[in-house]
Number of protein chains: 2
Amino acid sequence: MNNPLLPAGLPIAAVERDTGLAKDTLRVWERRYGFPLPARDTHGERVYPPEQVDKLRLIRRLTDLGHRPAKIIGLDLSTLTRMLEDMGSPKDPADPERSAQFAAILKFVRLHLHEDLRRSLQQQLMKLGLQQFVSSVVAPLSSLIGDAWLRGELEIAEEHLFTEQIQNILRAAISTQPMAQGGRPVVLLTTFPEEQHALGLLMVEAMIAPEGASCISLGTQTPLEDIRAATDAASFDIVAVSFSAAYPARQAVEGLRSLRQSLPEQVALWAGGAGIRGCARKLTGVHLFESLDAIPVAIEAWRHQRASDQA
Amino acid sequence: MNNPLLPAGLPIAAVERDTGLAKDTLRVWERRYGFPLPARDTHGERVYPPEQVDKLRLIRRLTDLGHRPAKIIGLDLSTLTRMLEDMGSPKDPADPERSAQFAAILKFVRLHLHEDLRRSLQQQLMKLGLQQFVSSVVAPLSSLIGDAWLRGELEIAEEHLFTEQIQNILRAAISTQPMAQGGRPVVLLTTFPEEQHALGLLMVEAMIAPEGASCISLGTQTPLEDIRAATDAASFDIVAVSFSAAYPARQAVEGLRSLRQSLPEQVALWAGGAGIRGCARKLTGVHLFESLDAIPVAIEAWRHQRASDQA
DNA sequence: TCAACTTTTTGTCCAGGACAATCAATGAAC
DNA sequence: GTTCATTGATTGTCCTGGACAAAAAGTTGA
């Protein structure tokens with residue numbers, strides 16, 4: 001009956017879903033490296049113990065970041081976790097007040113205190129203003145929570161709870177922005193297929209909206225061809241694409257190259273997010289953002305450029 | 001180089017993504033039924049022409065609705081489309097004013113007139129109030145747009161544009177609801193894994209919020225085990241799960257049974273959405289909703305029930 | 001330091017067999 | 001006539017093990 005609520009182990013299809021590793025890849029790793037080495041049920045089918053799945057998740061993240069499977073597949077859980085932390089966020093600036101706030105918010109998430117969570121986020125928003133709130137609260141908190149989930153300290157449900165609350169708050173805040181009619185630049189915002197992370201988009205939108213620019217979000221997972229087609233139908237000045245840390249960097253680079261080529265020349269292509277940090281020199285004609293704070297500046301620069309072009 | 005912007009045909013992995021049919025299934029159908037019958041590239045790998053992919057998409061929808069592959073795989077595109085329409089929405093009530101509005105909104109979507117789209121939706125919301133807006137505008141429009149996409153009359157990007165705008169409007173509207181502190185019942189809202197459709201959740205939330213109940217949404221794709229665990233951590237009165245038309249009905253039924261069993265008895269389990277229409281008798285202990293309008297009534301009933309229990 | 005070439009690594013594809021789970025049809029019992 | 005068990009066909013997913021192109025790493029020469 002395979003009751004998913006009493007997990008003795010996962011079948012291969014579930015592991016594929018959970019880790020993002022194709023069934024073929026799982027089988028070929030087993031053949032080549034001896035890991036994962038699942039048990040077998042009575043019909044000879046693979047049954048993966050949860051620990052192996054946890055380890056696979058870590059390995060997957062590390063390979064996305066450029067490590068080779070053969071080099072890391074033999075290491076143990078704690079080593080892998082450490083590697084991931086080393087590669088990730090360089091450091092926290094250790095502002096004591098802020099980190100206390102973050103700790104409190106993390107506690108709310110862990111204890112499912114949605115009401116407290118909502119209130120404290122809302123408070124921060126009021127205090128800091130939308131842009132500041134996004135760049136110095138939402139962004140670091142998101143990666144904190146992502147890391148905590150990776151380390152198994154948080155359930156997926158708890159990450160979802162946080163994401164939902166942030167979405168509510170950001171969307172509400174964005175929709176109260178004065179929204180200049182016909183504001184320029186007009187920005188088309190989306191992610192590539194296979195990128196499901198919607199929060200990055202919303203953060204970008206929140207940085208753009210207060211600048212008086214028009215931002216049209218297509219949500220996640222828009223096929224490249226559709227993005228190009230959208231620039232025919234409407235007159236966008238900028239296409240902006242966001243990549244989460246889980247997105248394979250080479251796939252991002254290739255997609256951006258291809259998209260750059262198919263877009264009209266006068267349409268700028270912007271990209272940002274943890275998924276493509278440090279790929280700048282591989283891309284020409286694409287404006288790469290290392291930080292959310294660079295967005296308002298870039299909008300200003302775009303306007304300046306445009307003004308001088310027309311003169 | 002396989003430029004996705006000049007599609008001569010899709011490799012099997014892309015077809016799996018587009019149709020939701022596993023690679024194994026695609027190969028075994030070819031072996032058994034002779035369809036799909038893709039071309040081969042120089043390395044002998046399958047290259048699926050776009051028409052075959054379109055047909056596969058339709059077949060997939062029909063099998064989810066209970067048809068057997070062998071019976072329908074030989075039929076042609078127009079026949080399949082007709083079957084799908086017959087099974088789908090019974091009819092439109094032919095309110096001339098409303099259908100004119102819908103036609104206008106569809107036009108805005110098709111022409112990417114996001115500004116007009118936003119304005120006309122906002123107008124409807126103001127005129128009808130949140131609940132009425134959701135049940136008689138958002139819900140029918142969503143299925144209209146879903147159908148149009150299925151028939152190839154809309155790009156995915158256009159569906160996304162619509163979904164994003166609706167999300168913005170609904171989330172903003174929900175967050176302005178007075179939100180009774182500690183309002184009962186407390187509802188936990190989510191979807192099962194593999195169900196990505198977030199709009200259904202938002203519609204439910206919009207129906208619940210004005211009733212003064214507390215609604216905590218976990219967004220899409222929460223593992224069953226996490227849903228159960230969440231009811232430990234916080235005290236929910238109701239767990240509500242939504243299923244889009246694309247969700248396989250039997251999977252929904254099985255999941256609901258399993259979840260019902262693992263939830264505490266005093267927690268009610270509600271389910272709704274096109275994905276489980278007509279499955280009522282297969283489920284005991286689960287409140288099945290055929291329509292969004294039934295939600296406010298059910299909340300009222302829950303309160304009444306509870307009042308008499310305590311007396 | 002960079003470019004061109006070679007080798008190794010790695011993910012994905014293929015064929016074709018197997019089989020359990022599901023569905024449809026049939027028959028028995030109430 | 002409806003319900004329930006039995007049988008038989010259908011169908012999705014898993015298996016093994018071989019193959020190979022694309023990407024990365026290593027090597028050589030300017």
Side-chain angles (χ1 to χ4, degrees), chain A residues 1-3 9-17 19-48 56 59-60 62-74 194 248-254 257 279 281-282, chain B residues 1-3 9-17 19-48 56 59-60 62-74 194 248-254 257 279 281-282:
Chain A
M1 151 90 206
N2 185 19
N3 188 334
L10 302 177
I12 195 168
V15 179
E16 176 178 41
R17 243 197 304 104
T19 63
L21 295 164
K23 297 196 240 302
D24 273 325
T25 306
L26 290 167
R27 286 193 275 253
V28 90
W29 280 9
E30 181 179 340
R31 205 195 308 168
R32 288 188 187 143
Y33 313 121
F35 182 90
L37 201 54
R40 300 289 179 135
D41 65 9
T42 41
H43 325 307
E45 308 199 340
R46 293 173 173 81
V47 178
Y48 293 84
L56 284 170
I59 294 175
R60 154 80 175 181
L62 284 165
T63 54
D64 281 347
L65 286 156
H67 282 93
R68 317 294 306 267
K71 299 284 170 60
I72 58 173
I73 206 160
E194 311 195 344
R250 14 167 201 215
Q251 209 172 323
V253 170
E254 191 189 337
R257 276 218 192 97
C279 302
R281 61 197 158 162
K282 292 189 196 156
Chain B
M1 154 86 208
N2 185 18
N3 188 332
L10 303 178
I12 194 168
V15 179
E16 177 178 41
R17 243 198 304 104
T19 64
L21 295 164
K23 297 197 241 304
D24 273 326
T25 306
L26 290 167
R27 286 193 276 253
V28 90
W29 281 8
E30 182 179 340
R31 204 196 308 166
R32 286 188 189 144
Y33 314 120
F35 182 89
L37 200 56
R40 299 290 179 135
D41 66 9
T42 42
H43 325 308
E45 308 200 340
R46 293 173 173 80
V47 178
Y48 293 84
L56 283 170
I59 294 174
R60 154 80 175 178
L62 284 165
T63 54
D64 281 347
L65 285 153
H67 282 92
R68 318 293 306 268
K71 300 284 169 61
I72 58 173
I73 206 161
E194 312 196 340
R250 17 166 203 226
Q251 210 172 322
V253 170
E254 192 189 336
R257 276 217 192 97
C279 303
R281 66 204 152 152
K282 292 189 197 156

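We name chains A, B, ... by the order of the sequence lines, and we start the count at 1 in each one.
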Student: Please work out if Arg46(B) contacts a base, only the sugar-phosphate, or nothing of the nucleic acid, heavy-atom cut-off 4.0 Å.
Tutor: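 Since only primed, P, OP1 and OP2 atoms lie under 4.0 Å of Arg46(B), the category is sugar-phosphate.
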Student: Between dC14(C) atom P and Asp24(B) atom CG, what is the distance in whole Å?
Tutor: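 Answer to the nearest Å: 11 Å.
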Student: Under 4.0 Å: is that the gap between some side-chain N or O of Lys23(B) and OP1 or OP2 of dC13(C)?
Tutor: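 Affirmative; the distance criterion is met.
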Student: Could you say whether Gly66(A) or Arg40(A) is positioned toward the 5' end of DNA chain D, judged by the nucleotide with the nearest heavy atom to each?
Tutor: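 So the residue in question is Arg40(A).
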Student: Check every atom of dG18(D), dT12(C), dC15(D) against the side chain of Arg32(A) and return the nucleotide holding the closest atom.
Tutor: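 Among the listed nucleotides, the one closest to the side chain of Arg32(A) is dT12(C).
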Student: Would you mind telling me which of dG16(C), dG12(D), dA20(C) lies closest to the side-chain atoms of His43(A)?
Tutor: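 Among dG16(C), dG12(D), dA20(C), the one nearest the side chain of His43(A) is dA20(C).
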Student: Among dC15(D), dA15(C), dT9(C), which is the nearest nucleotide to the side chain of Arg68(A)?
Tutor: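 In terms of side-chain proximity for Arg68(A), the closest of dC15(D), dA15(C), dT9(C) is dT9(C).
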Student: Would you mind reading off the distance between Lys71(B) atom NZ and dA9(D) atom C1', rounded to a whole angstrom?
Tutor: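 From Lys71(B) NZ to dA9(D) C1': 10 Å.
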Student: Indicate whether OP1 or OP2 belonging to dT10(C) is found under 4.0 Å from a side-chain N or O atom of Tyr33(A).
Tutor: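 Indeed, a polar side-chain atom of Tyr33(A) lies that close.
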Student: Out of dT12(C), dC14(D), dT11(D), which has the shortest distance to the side chain of Ala70(B)?
Tutor: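 Taking heavy atoms from C-beta onward, the closest nucleotide is dT11(D).
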Student: What is the distance, to the nearest angstrom, from the CH2 atom on Trp29(A) to the P atom on dT9(C)?
Tutor: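 Rounding to the nearest Å, CH2 of Trp29(A) and P of dT9(C) are 15 Å apart.
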Student: Looking at CG of Leu62(B) and CD1 of Ile72(B), how far apart are the two atoms once the value is rounded to the nearest 0.5 Å?
Tutor: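 Rounded to the nearest 0.5 Å, the CG-CD1 separation comes out at 4.5 Å.
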Student: Using the side-chain heavy atoms of Ile12(A), tell me which of these nucleotides is nearest: dC15(D), dT10(C), dC13(C).
Tutor: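 Out of dC15(D), dT10(C), dC13(C), the nucleotide with an atom closest to Ile12(A)'s side chain is dC15(D).
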Student: Rounded off to whole Å, could you give me the CG-to-P distance for the Leu10(A) and dC14(D) pair?
Tutor: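 Interatomic distance, CG of Leu10(A) to P of dC14(D): 12 Å.
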Student: Can you tell me which nucleotide in dC14(D), dG12(D), dC13(C) comes closest to the side chain of Ala13(A)?
Tutor: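 Per side-chain heavy atoms of Ala13(A), the pick is dC14(D).
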Student: Ion pair present between Arg40(A) and Glu30(A), side-chain N to carboxylate O less than 4.0 angstrom?
Tutor: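 Glu30(A) and Arg40(A): salt-bridged.
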Student: Return the CG to OG1 distance between Leu21(A) and Thr63(A), rounded to the nearest 0.5 Å.
Tutor: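 Spacing of CG (Leu21(A)) from OG1 (Thr63(A)) equals 6.5 Å.
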Student: Which value, rounded to the nearest 0.5 Å, describes the distance between Leu26(A) atom CG and Phe35(A) atom CZ?
Tutor: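 Separation between the atoms: 10.0 Å.
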Student: Would you say a side-chain N or O of Thr25(B) is under 4.0 Å from OP1 or OP2 of dT13(D)?
Tutor: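 So the side-chain polar atoms of Thr25(B) do come within 4.0 Å of the phosphate oxygens OP1 or OP2 of dT13(D), strictly under.
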Student: Roughly how far, to the nearest 0.5 Å, is the CD1 atom of Ile12(A) from the CG atom of Asp24(A)?
Tutor: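 It is 8.0 Å, given to the nearest 0.5 Å.
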Student: Is Arg27(A) touching bases, backbone alone, or none of the nucleic acid, heavy atoms closer than 4.0 Å?
Tutor: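 Base: the residue Arg27(A), judged by heavy atoms under 4.0 Å, touches a nucleobase.
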Student: Please determine, for the side chain of Arg31(B), which listed nucleotide (dA15(C), dC14(D), dG16(C)) has the closest atom?
Tutor: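 Of the options given, the side chain of Arg31(B) lies nearest dG16(C).
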